[in-house]
There are 2 protein chains.
Amino acid sequence: MRRRVAGVGAGVEMHMARRATIDDARLLEKLGCVFRECGYEGASLAVLAKAAGLQKASLYHRFPGGKEQMAREVLAAAEALIARDILMPLKSKAPPAERVDILVRQLNGFYSAGRQACLLNMLSAAPTQEGPFAKEIKRAFAAIIAALAVALRDAGFDARSARVRSERAVMLLQGSLVLCRGMGTTRPFRDFLKRLPQELLAGRA
Amino acid sequence: MRRRVAGVGAGVEMHMARRATIDDARLLEKLGCVFRECGYEGASLAVLAKAAGLQKASLYHRFPGGKEQMAREVLAAAEALIARDILMPLKSKAPPAERVDILVRQLNGFYSAGRQACLLNMLSAAPTQEGPFAKEIKRAFAAIIAALAVALRDAGFDARSARVRSERAVMLLQGSLVLCRGMGTTRPFRDFLKRLPQELLAGRA
DNA sequence: GTCTATAGGAAGATAGAC
DNA sequence: GTCTATCTTCCTATAGAC
């Protein structure tokens, strides 16, 4: 449907690209929800289109590469969001305890208090199958672990302890989300968040 | 193809049910591998049939309920295996440290040293979608956590600590497997197993 | 940029011979 | 019990009007 802007001379907007009914950021967010809920195989074009409020053909117009491109861009957007809201605070100059508090808040929002699964888990394929996103997923995990380790080194841990602790924290995060899905409750994630500061910083030098 | 047994009178075996080319246990194991690798949606009948060494129609003969029945029976078999090889040892009369050692060995075999994902994770659906196996998965998680807690109570922990620790161990297990898939290495799982005895028993009363 | 309509193929599932 | 052949439905993807 063609839209007209009141007061604007007819014909002017016809030479401009028509406005999308949903902007890219919002679209990627809607698609991301589907991929996080259903995984890559489970996310059919029909479901994706319904979530976006668009027809399948409209999705193909905006993602000529089809479902794979959608997932790829969703993943890239998630990486950017993680970099800004999680990695950057972790590597800031603030006191480590404060960085961890920020981390807790950001994680809580990022995973909707345990109601949303992790994209990295849902888009992972078996190593033997070498999924289309293996490189991005590996990079994202490595970046999170590295940023956490930076904060822990700043908190006084040696390089090895910092790395072990940050890996363990990521395991607990992922495991808590798996448990939330499996048990049908957000409690494991909430408990994880409550204990995370202790888990990271207790016993520091 | 009809098989003849040398030395047996012709016609005798014709009245008996023809032998399956793959017995139920082996079949469920093959199908289980596919579900663990690909998840429920990703496990197509074509892939399942190829893994089983059968045609699709043969699978339907043995699982009239189709793919859902296959996954359900695979899950039930896994539950039985867990009960026998993991829960029972955890609830035995042996010293807690010894039970944990057995646990480590069994987990290592069960997950092929980190090469195989967890069926409970791969068959989980979002709580909002109420997947077909929600009840079984929840029950399996609860059973593992409860059995671990029994061993920890016997090790001297109070009920609450035992529960917290056992839940955390399951989170670490699941998280390590997620990380293995995501990073394309079995190291997180192997590290998890190495640290598991400490993780469970350190600081006991 | 979005839509309706449809092509082309893979998916789950069944029929019937052997 | 297993097979080949087939059915139907769903899925990914494209064509073309507006």
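Just so it is clear, the model here is predicted, and its values are computed rather than measured.
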Within less than 4.0 Å of OP1 or OP2 of C:dC3, is there a side-chain N or O belonging to A:Ser58?
yes

Can you list every side-chain hydrogen bond (donor to acceptor under 3.5 Å, both in side chains) pair that touches residues 192-201 of chain A, not counting sequence neighbours?
A:Arg168-A:Glu199, A:Glu199-B:Arg168

Show me the protein contacts with nucleotides 5-7 of chain C, counting only N or O atoms at under 3.5 Å.
none

Report the residues that fulfil side chain to side chain contact (heavy atoms under 4.5 Å, CB included) with B:Glu41, sequence neighbours left out, ordered by chain and then residue number.
A:Glu41

Which donor-acceptor pairs under 3.5 Å do side chains of residues 82-89 of chain A form with protein atoms, sequence neighbours excluded?
none

Donor-acceptor list for residues 109-116 of chain A side chains, cut-off 3.5 Å, not counting sequence neighbours:
unit_1: A:Arg115; atom_1: NH2; unit_2: A:Ser112; atom_2: O; d: 3.4
unit_1: A:Gln116; atom_1: OE1; unit_2: A:Arg36; atom_2: NH1; d: 3.3

With sequence neighbours excluded, what pairs up with A:Ala51 under the side chain to side chain contact (heavy atoms under 4.5 Å, CB included) test?
A:Val34

Who are the side chain to side chain contact (heavy atoms under 4.5 Å, CB included) partners of A:Ala169, not counting sequence neighbours?
A:Leu148, A:Leu196, A:Leu200

Show me the donor-acceptor pairs, under 3.5 Å and distance only, between side chains in residues 55-66 of chain A and residues at least two apart or in other chains.
unit_1: A:Arg62; atom_1: NH1; unit_2: A:Ile22; atom_2: O; d: 2.9
unit_1: A:Arg62; atom_1: NH2; unit_2: A:Ile22; atom_2: O; d: 2.7
unit_1: A:Arg62; atom_1: NH2; unit_2: A:Asp24; atom_2: OD1; d: 2.7

My understanding is that only residues two or more places apart in sequence, or in another chain, count here; which of them pass ring pair (Phe, Tyr, Trp, His ring centres under 6.0 Å) with B:Tyr40?
B:Phe133

Quickly work out the A:Leu54 CG to C:dT4 C1' distance and round it to whole Å.
14 Å

Looking at DNA chain D, which of residues 43-50 of chain B put a heavy atom within less than 4.0 Å of it?
none

Expected output is a numbered-order residue list: members of residues 60-74 of chain A with a heavy atom under 4.0 Å from any atom of DNA chain D. What is it?
A:Tyr60, A:Gly66, A:Lys67

For residues 129-154 of chain B, which residue pairs qualify under side-chain hydrogen bond (donor to acceptor under 3.5 Å, both in side chains), counting only residues two or more places apart or in two chains?
A:Glu37-B:Gln129, B:Arg72-B:Glu136, B:Glu79-B:Arg139, B:Arg99-B:Asp154

